[in-house]
4 protein chains.
Amino acid sequence: MPTPRFFADKICPVRAKRERRKEARPGELLAAALDLFVEKGFAATRAEEVAARAGVSKGTLFLYFPSKEELFKAVVVENLGGRFAEWNDEFEAFEGTTADMLRYCMRVWWERVGMTKASGLTKLMMSEGTNFPELAEFYRKEVVRPGHSLLRRILQRGIDRGEFAPVDIDHAIYAVVAPMVFLMLWKHSAMVCVDAETSLDPEKYLATQAETVLYGLTRQPGAAA
Amino acid sequence: MPTPRFFADKICPVRAKRERRKEARPGELLAAALDLFVEKGFAATRAEEVAARAGVSKGTLFLYFPSKEELFKAVVVENLGGRFAEWNDEFEAFEGTTADMLRYCMRVWWERVGMTKASGLTKLMMSEGTNFPELAEFYRKEVVRPGHSLLRRILQRGIDRGEFAPVDIDHAIYAVVAPMVFLMLWKHSAMVCVDAETSLDPEKYLATQAETVLYGLTRQPGAAA
Amino acid sequence: MPTPRFFADKICPVRAKRERRKEARPGELLAAALDLFVEKGFAATRAEEVAARAGVSKGTLFLYFPSKEELFKAVVVENLGGRFAEWNDEFEAFEGTTADMLRYCMRVWWERVGMTKASGLTKLMMSEGTNFPELAEFYRKEVVRPGHSLLRRILQRGIDRGEFAPVDIDHAIYAVVAPMVFLMLWKHSAMVCVDAETSLDPEKYLATQAETVLYGLTRQPGAAA
Amino acid sequence: MPTPRFFADKICPVRAKRERRKEARPGELLAAALDLFVEKGFAATRAEEVAARAGVSKGTLFLYFPSKEELFKAVVVENLGGRFAEWNDEFEAFEGTTADMLRYCMRVWWERVGMTKASGLTKLMMSEGTNFPELAEFYRKEVVRPGHSLLRRILQRGIDRGEFAPVDIDHAIYAVVAPMVFLMLWKHSAMVCVDAETSLDPEKYLATQAETVLYGLTRQPGAAA
DNA sequence: AATGAATGAGCGTTCATTCAT
DNA sequence: TATGAATGAACGCTCATTCAT
């Protein structure tokens, strides 16, 4: 029996192609922009090149994003800023020890951000942030502060439960963030070390750093004396 | 025995004065360029601004350096590449243990490079290297390879003397370089961590990393089992 | 005898509704275009904005008018050029003195054109005519020449009837037109005089100017001596 | 006897040409800009065309004026705004009757502004002022307000001396300004009247209007009843 | 008939580099 | 040697117009 799909198959592909295109455009542009921003940096990426890589003309890019800066912000939200809601939920739902939570946190960060192109955005902000203050502020608001906030809540949970010593939380945040930042920079710097890839096992490195941090967090500050 | 310098000092005082001034110009330009390159990056630094900071006109800059790229290369040679001769000599003259040599090496690197503006050049190359392949290659030739070469000779000395285990030298080089690179990136990235300065004691960090590396180098590979 | 309209009204109510809507579209577009052209000028008015104000999409605008220039021409015909037929008929039907005809002419011009948005079109042509020669020529053909022609016939009637002295008609036309043009410019120029509106009573001004012109027309040229 | 000029003639022309050029550039650019702004309006005048008419390249224009808007402002100051100081001085120095002062004022205005290209700037502001609010405000501050201010002082002098009736000065200002504005618009509008030039004698028109205004100013307001 | 996504020529502005002085 | 006026290629962004649906 002929299903409606049979008929639809005849007509829809045409429309479907168009409509899918329309809805896919922003995504394609964001993907192309992510690629190029990570590859060349913000200033050196030309709007026309982003459009070309997404398979559209220069004008089309500005149909979806009013300026290159807004395009960049959208890339940041798409790949980093917009995902904290989900990550915060994971935090709320986590039921294990806080040490495990921190290990899990650093591991999935690597899988979802660190090893992906998205990590290039952080390196980009470190390189060009001073040249584009508005982007820097946006990045701080959308990524840095939520990230610090999440870590702060994790650490606070550990302290509240008596799992961690009552350390200086701000300082501890840096201890956690530092290896992540280092990995992002390392990964995107094929300059100093020709085979940066092979010379460092990121997951092992991260695991080691996690244990180091946890060692410092769990040790009773008074007990050392 | 009269050196050629004695003779030159006598008959060309006028010329000497002139040449000193003439020779001072490039130095002022190089200093201004270093400042600005480190502050804003290569692409974002305008030639005119370099000239202005050096107190000369835009044309004068191009009188001494035929292009912005050549200016950058000169900055690299002045601050990094040109100093390996001296560092190599220090290596040859060093008489202590190789472990001390490595400790010394990392410490003075921090004093002479890491904590100075020159470290910004490395971060710059990591950020913009892909956009300026010729500069990247130059940097590799003038800085990366000599640096690796020096470390390689140090490590080889340790192995040859039986102080170090016969490790994979390339891998060991990265183990030494990594913390240095990390410090340079950290220092020049005011983005993720608002107070990068206060959250990490570079010298302590470096000393710790040195001991970690040395621990791996001195441990008998077979003895671990 | 049944007219075609009778037939059409009966069997095509659906079509009629459709056609009325279809026929209403250009009118809405013309109204929106008039508003915006008068407000911002020809070049500064964006096609998309006209469409948006008429409640249709950009594409629809170009369905009815093949270009922005043609749209403008249609606006000119709708508001100025297409009305001369009626005005000429009024002239033919007028039965009073030619002086009264001229007074009437200037008064109703103010009511029907001068005080309406349509007067902005004249100001627009004065401002942008040199940038759009084809529009300028069109405006001359559709508005200026018919207007001058009508005035010429009025003046000729006065002379033929012995009501006016046999003046130089071209010169007299300018005498009549000048105050009208002045009022249009004045009305649409909020720049020099902040309260252009309140500082001049257009109808009184026009009446005065009419009398001045008529005084010149009726006075026997020889009698002045 | 050979004068120094003989020698100078050999060397200076080269330098002179250069230096004269440098100093002449802004003037040449302002002249070209005035021409084109008056001819085509602000928006329709392309920066490159201004440069070309001044005999320089596009980049050179921006060496002297940081933006097209600033170029326009400079044109306004050069041709209108910057001359009020001199005009104010003439007012202070004038020793005749205030009626003569007003007549003189309108006459020299025509010679120095009205009949020159500068009058096109006023027409331009009337046409495009709403599209460029910052330019409009600048023009108001630099031209409209000083102009009104000067007229206000003239009228006040007449009233203070008992030459004029104590009229509403704001209203009187418009009565004086209106014919000037009209002439500027008329002059730059070759649209409605093909031969605007020949159809109106500006000086005679202005003189007539001056007398009309003066008639209103000198008539005792109470005496009319 | 109506849509609106897509195009691409065009403009304002920047900046490394040149060269006459 | 030193200057700085001049250049022109390049980029971000706009908008009238087209066309597949």
Side-chain angles (χ1 to χ4, degrees), chain A residues 11-19 21-23 25 43-51 55-71, chain B residues 18-19 21-22 25 43-52 55-69 71, chain C residues 18-19 21-22 25 43-52 55-69 71, chain D residues 11-19 21-23 25 43-51 55-71:
Chain A
I11 294 183
C12 288
V14 195
R15 168 181 283 167
K17 203 176 278 181
R18 259 277 162 133
E19 292 198 348
R21 267 225 164 129
K22 174 178 80 170
E23 277 153 29
R25 278 287 180 255
T45 295
R46 294 183 296 121
E48 191 162 18
E49 205 177 354
V50 173
V56 299
S57 77
K58 185 164 43 169
T60 303
L61 170 62
F62 291 95
L63 214 57
Y64 290 94
F65 304 97
S67 74
K68 197 174 142 184
E69 294 222 341
E70 291 302 317
L71 172 63
Chain B
R18 275 216 172 181
E19 288 195 352
R21 190 132 136 234
K22 177 174 74 178
R25 271 289 137 71
T45 293
R46 298 188 302 125
E48 189 162 22
E49 208 176 344
V50 173
V56 299
S57 77
K58 190 161 38 165
T60 304
L61 170 62
F62 286 92
L63 209 61
Y64 288 97
F65 305 96
S67 74
K68 198 173 141 186
E69 294 221 342
L71 171 64
Chain C
R18 276 215 170 178
E19 289 194 352
R21 193 136 132 230
K22 179 174 72 178
R25 271 288 136 71
T45 294
R46 296 186 304 126
E48 188 161 22
E49 208 175 346
V50 173
V56 299
S57 76
K58 188 162 38 166
T60 304
L61 170 62
F62 287 92
L63 208 63
Y64 289 96
F65 305 97
S67 74
K68 199 172 139 185
E69 295 220 341
L71 171 63
Chain D
I11 294 183
C12 287
V14 195
R15 168 180 283 167
K17 201 177 277 182
R18 259 277 162 133
E19 293 198 349
R21 265 221 167 135
K22 176 178 78 170
E23 277 153 31
R25 279 286 180 252
T45 294
R46 294 184 296 121
E48 192 162 16
E49 205 176 352
V50 173
V56 299
S57 76
K58 185 161 46 165
T60 302
L61 170 61
F62 290 94
L63 214 58
Y64 291 93
F65 304 97
S67 73
K68 198 174 142 184
E69 294 221 343
E70 291 303 317
L71 171 63

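Hydrogens, waters and symmetry mates are skipped; everything else that's a heavy atom, side chains included, is used. So that the names make sense, note that chain A is the first sequence line, chain B the second, and so on, each numbered from 1. Keep in mind that this is a model prediction, so the values were computed, not measured.
- Between F:dT17, E:dA6, F:dT3, one nucleotide has an atom nearer to the side chain of B:Thr60 than all others, and that is F:dT3.
- Between E:dT3, F:dT7, F:dT3, one nucleotide has an atom nearer to the side chain of C:Val56 than all others, and that is E:dT3.
- A straight line from CZ of D:Phe62 to P of F:dT7 spans 14 Å, rounded to a whole angstrom.
- For D:Gly59 and B:Leu61, each mapped to the nucleotide of DNA chain F holding its nearest heavy atom, the one lying further toward the 5' end belongs to B:Leu61.
- Between A:Ser57 and E:dT7 there is a side-chain polar atom (N or O) within less than 4.0 angstrom of OP1 or OP2.
- Residue D:Gly55 is the one, among C:Ala43 and D:Gly55, whose nearest nucleotide of DNA chain F lies closer to the 5' end (criterion: closest heavy atom).
- Within the structure, every side-chain polar atom (N or O) of A:Tyr64 is placed at least 4.0 Å from both OP1 and OP2 of E:dA5.
- A pairwise comparison of heavy atoms in D:Leu61 and D:Ala47 identifies CD2-O, 3.5 Å as the closest pair.
- Distance B:Lys68 NZ to E:dC15 P: 9 Å, rounded to the nearest Å.
- Comparing F:dC15, E:dA2, F:dC11 against the side chain of A:Arg46 picks out F:dC11 as the nearest.
- Summarising the base pairing, E:dA2 is matched to F:dT21 through a Watson-Crick or G-U wobble pair whose two defining distances lie under 3.5 Å.
- For the pair C:Lys58 and E:dG4, the criterion of a side-chain N or O lying under 4.0 Å from OP1 or OP2 is not met.
- The CD atom of D:Glu69 sits 18 Å away from the P atom of E:dC11 (whole-angstrom rounding).
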